[in-house]
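Let me begin by presenting the structure, written as structure tokens, before commenting on it.
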Number of protein chains: 2
Amino acid sequence: MKPRSRRGGGRPTIADVARKAGVSAITVSRALREPERVSKELRRQIQHAVGELGYMPDPNARALASARADVFGVLVPSLTNNVFAEVVRGIYDSLSDGPFRIQLGDTHYSGLEEERLLHLFLSQRPAALIVSGIDQTAAARRLLVTAGCPVVQIMETGPDPIDMLVGFSHFDGGRVATQHMINTGYRRVGFLGARMDPRSQRRLAGYRAAAEGAGLFDPRLVTTTPVPSSVSLGRELFREALAKVPTLDAVFCNNDDIALGVLFECHRASIDVPGKIGITGFNDLDMMHVAYPSVTSIRTPRYEIGRNAVAMALEEIDGNRPETRVIDLGFELIPRESTAR
Amino acid sequence: MKPRSRRGGGRPTIADVARKAGVSAITVSRALREPERVSKELRRQIQHAVGELGYMPDPNARALASARADVFGVLVPSLTNNVFAEVVRGIYDSLSDGPFRIQLGDTHYSGLEEERLLHLFLSQRPAALIVSGIDQTAAARRLLVTAGCPVVQIMETGPDPIDMLVGFSHFDGGRVATQHMINTGYRRVGFLGARMDPRSQRRLAGYRAAAEGAGLFDPRLVTTTPVPSSVSLGRELFREALAKVPTLDAVFCNNDDIALGVLFECHRASIDVPGKIGITGFNDLDMMHVAYPSVTSIRTPRYEIGRNAVAMALEEIDGNRPETRVIDLGFELIPRESTAR
DNA sequence: CAATTCAATGGTAGCGCTACCATAAATCTG
DNA sequence: CAGATTTATGGTAGCGCTACCATTGAATTG
């Protein structure tokens, strides 16, 4: 009985390919990983044997032998959030033709869960790690510093990256959105925020800076909740805000879902948008330009963040340490009907 | 020089734990995987040594030695589609406290890409495979039949599962949605469809069955496109449909994004909903009940599909082959203002 | 043309873990 | 209480691959 049949299950191994091609196993290994280091002739024979046998390298054996798995670990706070879905799509698109697999983890906005997943991912010795935000716990930060692989933090900019950083300024986004409404003539501009994760906090800070700069800040204008964001929550928050401050004449929303909830509530209550209430969202999902009235929003480079993060990590893996460690992809205010009065 | 320092990097191995606990490596291995097979005393010592050293098992070595990786392979046609995001969330939630990792693949609605990813996943010897839909290519089906692990197809029901199947009937969903509008009195009920993947095709077939049953079918009422779905596309399709059939008095939309686009376009063009046009969506996203007017939709058990798929696979992994191989989770028509005339 | 470098290939020894089998001690059986 | 069975542990031999070093012959050099 062949020893190989004992376990696993008789799949062709590198030794089978080597035998068939009349070379040694290590040459097959090289032909697969660094083709240019093997003569043309052998390369051809080996390719042929691979095709004939339907050989596929075992990633587990490879990872064990080389102490390095061809895996990108990706940690996002939410899988269902549209924003991260776009980022993840950017990552997948950038990695789909290379040798890398993706290990995706959902931290549920929890620092502890992030640490747990980091431990899990690190035990695989990933090729690179992409993590969301810059507010890792001290323990998580320590893990990342000693990860032994490129680490890219995404979604934000900031002064002190663990390794590399791609994103934009949420503070500035909040500030610009708010300033836009102030410039348009709104005077009682509220802030509506769900979840209130660190990035939402910074948007709120930007809102506050703009409001204070215009002498228009009033804490009662701020309505937030730790509850996860949704369109229906947008409606609730707006009702609450209006009950608190009946003179409210505009809202900067945490994100587009909230903004949409506000828009629907205005329809339902026959509140004129933008006449009576101005609305600005955040992220500029496709639906914002279709909505009636169309909704002003901050367009954020989500897909591009994913692509840039991968590109930077790949550069570093290839040995070309990227010069710039922090990339600010910026954002864009898209004024629309909901603030056009 | 310690041989271990040659590669990898001096992380504690099972041998280190064994030495520290004064037992053999195999006993540590057992204590970790099947604690009840090791005496209480040794278990305690080993746990202590593990904690002390911060030992984490190497999943690659484990997978190589046991010819089985603790990985669930999950194949979905789109990462950004809200529907699949919910399914994936169900899968993650069900798996987050166990030993299993998740390998997520995006087929982009392509059978060829599905085959490629299947090869990739299979080379890891996953513990289970979850794939979307029942329209695999012949080659993909062959791969799945011989996968050597539980396979769960999700999203649909059907007569001939590869192994196990969890979902609901898209045909019936389309039929019920259409019948509802016919019952409500709409006579020129159109179908608006984006992407037109196999599930959309079956919803269309259900629509057609209901329309023909009432003697109301007219091919000109059907407007579809292979373009991916979006809210803005909903607007385009609706305009197109209306131009084709000015007497159109209702639309069954492929999904809620399309329905939302229709709703906005009706607002913009001052078309009364539900008076002039009735709208029914599909999936019942949160926003549908918040919209004004609120939108009738078919509520689909997306999250539950994910959870059930994992539960079935885990049962089979544990050696309890599930009796029922096909689970129909059904759906629910949620009538709302958009069809209430 | 001997000495040196280089390019192409091979041999060996693990990577960290678990399947399989062996062993020893404890428990059960009639 | 001898023999059979069970329970708890250990030893050995890989899993399939690659890092490291060795070898060979050809190309290059002064």
Side-chain angles (χ1 to χ4, degrees), chain A residues 1-19 21-46 50 53 55-70 99 122-125 127 148, chain B residues 1-19 21-46 50 53 55-70 99 122-125 127 148:
Chain A
M1 198 197 299
K2 288 192 220 121
R4 194 154 35 63
S5 72
R6 191 167 63 99
R7 308 195 203 166
R11 285 213 307 229
T13 73
I14 206 167
D16 298 323
V17 176
R19 206 170 309 118
V23 299
S24 76
I26 187 68
T27 301
V28 174
S29 174
R30 265 196 288 263
L32 261 31
R33 288 176 301 136
E34 313 165 89
E36 71 286 351
R37 299 194 16 139
V38 171
S39 70
K40 207 153 209 146
E41 174 55 14
L42 284 192
R43 212 185 307 165
R44 214 188 40 72
Q45 286 176 42
I46 290 169
V50 164
L53 293 171
Y55 168 74
M56 293 212 69
D58 180 331
N60 299 119
R62 185 173 267 186
L64 181 59
S66 66
R68 179 61 70 212
D70 284 349
L122 251 12
S123 73
Q124 292 180 70
R125 306 170 187 273
Chain B
M1 195 198 299
K2 289 192 218 120
R4 196 156 31 67
S5 72
R6 190 167 63 101
R7 308 196 200 165
R11 284 212 309 228
T13 72
I14 206 166
D16 298 322
V17 176
R19 208 170 307 119
V23 298
S24 76
I26 187 68
T27 303
V28 175
S29 173
R30 266 197 288 262
L32 262 30
R33 289 175 301 136
E34 314 164 89
E36 70 285 352
R37 298 194 18 136
V38 171
S39 70
K40 206 152 209 147
E41 174 55 15
L42 283 193
R43 213 185 306 166
R44 214 188 41 70
Q45 285 177 42
I46 290 168
V50 164
L53 294 171
Y55 168 75
M56 293 211 68
D58 180 330
N60 299 119
R62 185 172 267 187
L64 181 59
S66 66
R68 179 59 71 212
D70 284 348
L122 251 11
S123 73
Q124 294 180 67
R125 304 170 186 273

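Since we're looking at a predicted model, the values are computed, not measured. To find a chain, count down the sequence lines: A is the first, B the second, and so on, and within it residues start at 1.
- We find that CZ of B/Arg125 is positioned 9 Å from C1' of D/dC15, with the value rounded to whole Å.
- Side-chain contact annotation: A/Ser66 with A/Arg62, donor-acceptor N/O pair under 3.5 Å absent.
- The base of D/dG16 has none of its N or O atoms less than 3.5 Å from a complementary donor or acceptor on the side chain of A/Arg11.
- To the nearest angstrom, C1' of D/dT18 lies 12 Å from CG of A/Asp70.
- A/Arg33 comes within 4.0 angstrom of sugar-phosphate atoms only, judged by non-hydrogen atoms across all strands, and of no base.
- The distance between atom CD1 of A/Ile46 and atom C1' of C/dT9, rounded to the nearest whole Å, is 10 Å.
- Across B/Val38 and B/Thr27, no two heavy atoms sit closer than the pair CG2-O, 4.1 Å.
- Residue B/Ala61 has its side chain nearest to C/dC17 when only C/dC17, D/dG10, D/dG16 are considered.
- Both B/Ser39 and A/Arg30 sit near DNA chain D, but only B/Ser39 has its closest nucleotide nearer the 5' end.
- Atom CD1 of B/Ile14 and atom C1' of C/dC17 are 6 Å apart (whole Å).
- Taken from CE in A/Met56 to CG in B/Leu122, the straight-line distance is 9.0 Å, to the nearest 0.5 Å.
- OP1 or OP2 of C/dG10 has at least one side-chain nitrogen or oxygen of A/Ser24 nearer than 4.0 Å.
- The side chain of B/Leu42 sits closest to D/dT9 out of D/dT9, C/dG10, D/dG16.
- For the pair B/Asp70 and B/Pro59, the minimum side-chain heavy-atom distance is 4.5 Å or more.
- Rounded to the nearest 0.5 Å, atoms OG1 (B/Thr13) and CZ (B/Arg19) are 6.5 Å apart.
- Minimum atom distance to the side chain of A/Thr13 is reached by D/dG16, of the listed C/dT18, D/dG16, C/dC17.
- Rounded to an integer number of Å, the gap from CZ of A/Arg44 to C1' of C/dA8 is 17 Å.
- The distance between atom CD1 of A/Ile26 and atom C1' of C/dT12, rounded to the nearest whole Å, is 10 Å.
- Applying the 4.0 Å criterion to OP1 and OP2 of C/dT9, one finds that A/Thr27 has every side-chain N and O outside that range.
- Between A/Arg37 atom CZ and D/dT18 atom P there is a gap of 13 Å when expressed in whole angstrom units.
- Separating the CG atom of A/Leu64 from the P atom of C/dT18 is a distance of 12 Å, rounded to the nearest angstrom.
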